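This report refers to the structure that appears directly beneath it.
What you are looking at is a predicted structure, and each value in this text was computed from that prediction instead of being measured. Just so you know, these numbers use all the heavy atoms, side chains as well, and skip hydrogens, waters and symmetry mates. Chain naming here is simple, since letters A, B, ... match the order of the sequence lines and numbering starts at 1 in each.
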Amino acid sequence: MRTLIKHVLASTEPKEALAIKGWVRTRRDSKGFSFLELNDGSCLANLQIVVDATTPGFENPATLTTGASAAVEGNLVASPASGQKWELRATHIELVGAVDPTYPLQKKGHTPEFLRTIAHLRPRSNLFGTIFRLRSRLAYAVHQFFQDRDFVYVHTPIITASDCEGAGEMFRVTALKGNIDEKPQTDFFGKRTYLTVSGQLEGETFACALSNIYTFGPTFRAENSNTTRHAAEFWMIEPEMAFCDLQGDMDLGEEFIKAMARYAQEHCTEDLSLFAKFVDKDLPERLKFVIERPFVRVPYTDAVKILCGSGRKFEFPVKYGLNLQSEHERFLTEEHFKSPVTVFNYPREIKPFYMRLNDDHKTVAAMDMLVPGIGEVVGGAQREERLDQLLENMRSHKLNPEDYSWYLDLRRFGTVPHAGFGLGFERLLMFLTGVSNIRDVIPFARTPGNADF
RNA sequence: UCCAGAGUAGCUCAAUGGUAGAGCAGCCGGCUGUUAACCGGCGGGUUGCAGGUUCGAGCCCUGCCUCUGGAGCCA
């Protein structure tokens with residue numbers, strides 16, 4: 001039976017007759033024998049295999065080169081040389097799949113930009129193998145975090161007719177040919193439909209029944225965004241809590257990010273060491289800081305005062321009523337506070353209709369969590385639970401209440417204060433790994449003009 | 001979409017307007033324990049595309065394409 005390399009390397013004693021399968025990372029030949037390093041993706045480290053020239057199956061060593069797949073049987077022994085604790089003395093080796101000389105991955109390091117062009121092969125590199133192992137572990141940690149707190153996982157629809165205002169441009173979904181706007185009532189669903197930009201509105205309906213819920217699924221934005229932190233398809237986590245206000249919302253967001261950092265630190269130690277070494281030297285220190293220190297919380301009004309009083313020249317103006325620009329958010333989180341920062345209570349004019357109006361009648365109970373290096377990683381709010389106020393908000397945002405009748409019903413039938421947020425899973429991964437481009441933390445990135453693979 | 005930079009061998013990069021090169025990878029050979037092994041040899045190019053200037057363009061000019069970074073939008 002096959003043993004994964006991660007288990008082989010964790011062995012505490014020599015073992016006989018192990019079966020290993022994987023891909024050759026590199027080979028070093030000596031007279032009469034070769035060193036083969038095999039990787040099967042179960043961990044970052046390779047297993048060194050010593051193959052004698054007379055080992056059965058090794059009659060044609062030229063075929064067992066970088067990239068080839070192989071099955072090896074042998075005995076695990078303590079390695080006499082430094083560099084690895086264990087090595088496998090092969091008793092039999094078999095070429096499973098040969099590799100063409102055009103195999104693009106080399107033993108030496110490649111740039112992430114080049115590896116992006118071969119997205120089908122890049123998980124075989126150290127960096128991307130590590131990234132995607134960590135992505136998997138963290139997806140699990142997300143569920144564990146919410147399930148441990150009695151949150152119910154809700155699968156909100158991917159195809160939707162409702163627009164979660166303010167979330168961005170939507171991709172149209174249609175089965176029509178020709179002019180798709182001529183008779184939308186004849187379309188597959190009998191109306192215009194889109195790929196979801198957020199499961200929030202549907203999530204609210206479940207929170208107003210099951211109390212605490214979360215979604216975790218693909219989300220689509222048709223924005224022509226070309227940046228290191230935007231993708232047209234990404235995974236979003238959206239908790240929603242009934243009987244919860246903005247304070248509780250901010251508490252959960254902060255607790256969540258800390259928990260994810262802690263999980264990575266405890267469960268992905270080997271993988272994190274690679275990021276610290278080759279991607280972001282400050283990563284261990286940053287994770288420690290995030291875990292240990294409370295996040296700074298500052299009302300929008302105070303944030304504006306800090307920015308105005310900073311003496312800094314900003315490219316874009318800072319004034320009450322204007323959105324904070326990237327440079328302002330960067331200043332707050334990277335320079336002024338040098339810590340993750342939650343900005344809350346934004347002017348009502350710059351936020352969507354569903355956010356709850358504060359008693360000052362000027363601001364809404366919104367919050368954005370900003371982290372150094374990435375900017376906004378969480379955006380959330382307490383929702384407007386008062387029917388009259390919600391209707392007024394919709395009027396001032398020029399929305400038709402008829403389009404949101406089911407959403408308004410939540411306020412008619414046993415309304416409750418509730419709050420939630422959206423968190424970009426890829427941005428979280430960027431923060432936890434130091435990887436600076438969102439295209440490198442998602443297996444096959446969808447960005448404007450690019451849907452290869 | 002806007003601004004800036006870049007595009008030369010499979011990869012990373014050189015090359016005053018004057019014969020396109022190196023390292024690595026690949027292939028062949030050597031080496032008794034290697035660690036991104038080492039040593040010797042060999043092959044490898046429509047210089048992103050299309051025009052233009054010039055006796056002569058990888059280099060200068062124009063347009064386009066792609067990539068990278070920044071901005072806007074946001075998660």
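To the nearest whole angstrom, the two P atoms, one in B:U16 and one in B:C60, are 11 Å apart. Comparing the same atom, P, in B:A6 and in B:G33 gives a spacing of 47 Å after rounding to whole Å. As rounded to the nearest Å, B:C65 and B:G29 have P atoms that lie 49 Å from one another. Comparing B:C67 with B:G48, their C1' atoms sit 10 Å apart, to the nearest whole Å. Separation of the C1' atoms belonging to B:G43 and B:G10 is 13 Å when rounded to the nearest angstrom. Spacing of C1' atoms, B:C74 relative to B:A50, comes out at 38 Å, to the nearest Å. Nucleotides B:U34 and B:C39, compared at atom P, are 15 Å apart to the nearest Å. Comparing the P positions of B:G23 and B:U66 gives a spacing of 35 Å, expressed to the nearest Å.
The distance from atom CD of A:Glu233 to atom C1' of B:A75 is 14 Å, rounded to the nearest whole Å. Atom CG in A:Leu115 sits about 12 Å away from atom P in B:U68, given to the nearest Å. With rounding to whole Å, A:Asp100 atom CG is found 18 Å from B:A25 atom P. In this entry the distance linking CD of A:Glu169 with P of B:A75 reads 14 Å, nearest Å. The distance between atom CG of A:Asn226 and atom C1' of B:U66, rounded to the nearest whole Å, is 11 Å. Rounded to an integer number of Å, the gap from CZ of A:Arg439 to C1' of B:C67 is 9 Å.
A:Leu322 is listed as a side-chain neighbour of A:Pro317, based on a closest heavy-atom distance under 4.5 Å. Residues A:Lys15 and A:Asn75 have side chains not in contact (no heavy-atom distance under 4.5 Å, counting atoms from C-beta outward). Proximity of A:Arg133 to A:Cys268: side-chain heavy atoms (C-beta onward) are nowhere separated by under 4.5 Å. Counting heavy atoms from C-beta on, the side chains of A:Ile306 and A:Phe337 come closer than 4.5 Å. Taking 4.5 Å as the limit, every side-chain heavy atom of A:Thr363 sits out of range of all side-chain heavy atoms of A:Arg348. Residues A:Leu134 and A:Leu272 meet the side-chain proximity criterion, which asks for heavy atoms closer than 4.5 Å. Side-chain contact between A:His418 and A:Met241: absent, with no pair of heavy atoms (C-beta onward) separated by less than 4.5 Å. Looking only at side-chain heavy atoms (C-beta outward), A:Leu115 and A:Phe128 come within less than 4.5 Å of each other.
Among the heavy atoms of the strands, none lies under 4.0 Å from A:Arg25. Among the heavy atoms of the strands lying under 4.0 Å from A:Arg116 are primed sugar atoms or P, OP1, OP2 only; no base atom is included. Within 4.0 Å (heavy atoms only), A:Gly32 reaches no atom of the nucleic acid at all. A:Ser82 comes within 4.0 angstrom of a base, heavy atoms only.
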Which atom pairs link the protein and nucleotides 37-42 of chain B when you take only N or O atoms and keep those under 3.5 Å?
unit_1 : atom_1 : unit_2  : atom_2 : d
B:A37  : OP1    : A:Thr26 : OG1    : 3.3
B:A37  : OP2    : A:Thr26 : OG1    : 3.4
B:A37  : OP2    : A:Arg28 : NH1    : 2.9
B:A37  : N6     : A:Asp29 : O      : 2.5

List, with names and distances, any nitrogen or oxygen atoms from the protein found under 3.5 Å away from nitrogen or oxygen atoms belonging to nucleotides 8-12 of chain B.
unit_1 : atom_1 : unit_2   : atom_2 : d
B:G10  : N2     : A:Gln106 : NE2    : 2.5
B:G10  : N3     : A:Gln106 : NE2    : 3.4
B:C11  : O2'    : A:His110 : ND1    : 3.4
B:U12  : OP1    : A:Thr111 : OG1    : 3.3

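Here side-chain hydrogen bond (donor to acceptor under 3.5 Å, both in side chains) pairs that include residues 115-125 of chain A, with residues two or more places apart or in two chains, are A:Arg116-A:Asp440, A:Arg122-A:Asp440.
Residues that satisfy the side-chain contact (heavy atoms from CB on, under 4.5 Å) test with A:Ala98, not counting sequence neighbours, are A:Leu95. Partners of A:Glu270 under the salt bridge (Lys or Arg N to Asp or Glu O under 4.0 Å) rule, at least two apart in sequence or in another chain, do not exist in this structure. For A:Glu255, the salt bridge (Lys or Arg N to Asp or Glu O under 4.0 Å) partners two or more places apart in sequence, or in a different chain, are A:Arg149. With sequence neighbours left out, A:Phe314 forms a side-chain contact (heavy atoms from CB on, under 4.5 Å) with A:Leu307, A:Ser310, A:Arg312, A:Val318, A:Glu327, A:His328, A:Phe331. In this structure A:Glu376 satisfies the salt bridge (Lys or Arg N to Asp or Glu O under 4.0 Å) test with no other residue, sequence neighbours excluded.
Distances shown here put a side-chain N or O of A:Asn437 below 4.0 Å from the OP1 or OP2 atom of B:G69. Residue A:Arg89 places no side-chain N or O under 4.0 Å from the OP1 or OP2 atom of B:G33.
Between A:His92 and A:Phe58, the distance separating the two ring centers is not shorter than 6.0 angstrom. Checked against a 6.0 Å centroid threshold, the rings of A:Tyr404 and A:Phe353 count as neighbours.
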> For nucleotides 44-49 of chain B, read 5' to 3', which letter fits each nucleotide if B means a protein heavy atom sits under 4.0 Å from the base, S means only the sugar-phosphate is that close, and - means neither?
Replying inline: ------
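If you check distances only, the side chain of A:Gln84 does reach the base of B:U34 with a donor-acceptor pair under 3.5 Å.
When each of B:G69, B:U34, B:A75 is scored by its nearest atom to the side-chain atoms of A:Glu376, the top-ranked nucleotide is B:A75. Listed candidates were B:G69, B:G33, B:G72. Nearest to the side chain of A:Phe33 is B:G33. Closest to the A:Thr227 side chain, of the nucleotides B:U34, B:G72, B:G69, is B:G72.
With salt bridges taken as basic N to acidic carboxylate O contacts below 4.0 Å, one links A:Arg172 and A:Asp181.
With centres under 5.5 Å and a plane angle under 30°, the ring of A:Phe234 is stacked against the base of B:A75.
Contacts between residues 316-342 of chain A and RNA chain B, defined by a heavy-atom separation under 4.0 Å, are made by A:Phe316, A:Gln325, A:Ser326, A:Arg330. Proximity of residues 42-69 of chain A to RNA chain B (heavy atom under 4.0 angstrom from any strand atom) is restricted to A:Gln48.
Of the residues listed (A:Phe234, A:Tyr214, A:Phe256, A:Phe216), the one engaging A:Phe425 in a ring pair (Phe, Tyr, Trp, His ring centres under 6.0 Å) is A:Phe216, and it is the only one.
Nearest-nucleotide positions on RNA chain B for A:Asn450 and A:Val377 put A:Asn450 closer to the 5' end.
Taking the six-membered ring for Trp and thresholds of 30 and 60 degrees, A:His155 and A:Tyr153 have ring planes more than 60 degrees apart, a perpendicular arrangement.
Put simply, OH on A:Tyr407 and CD on A:Glu204 are 3.0 Å apart, with the number rounded to the nearest 0.5 Å. Going from atom OH of A:Tyr103 over to atom CG of A:Leu121 covers 6.0 Å, rounded to the nearest 0.5 Å.
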> Can you give the dot-bracket line for RNA chain B, using ( ) for pairs inside the strand, [ ] for pairs that cross earlier ones, | for pairs with another strand and . for unpaired bases, where Watson-Crick and G-U count if both distances are under 3.5 Å?
Replying inline: (((((((..((((....[..)))).(((((.......))))).....(((((..]....))))))))))))....
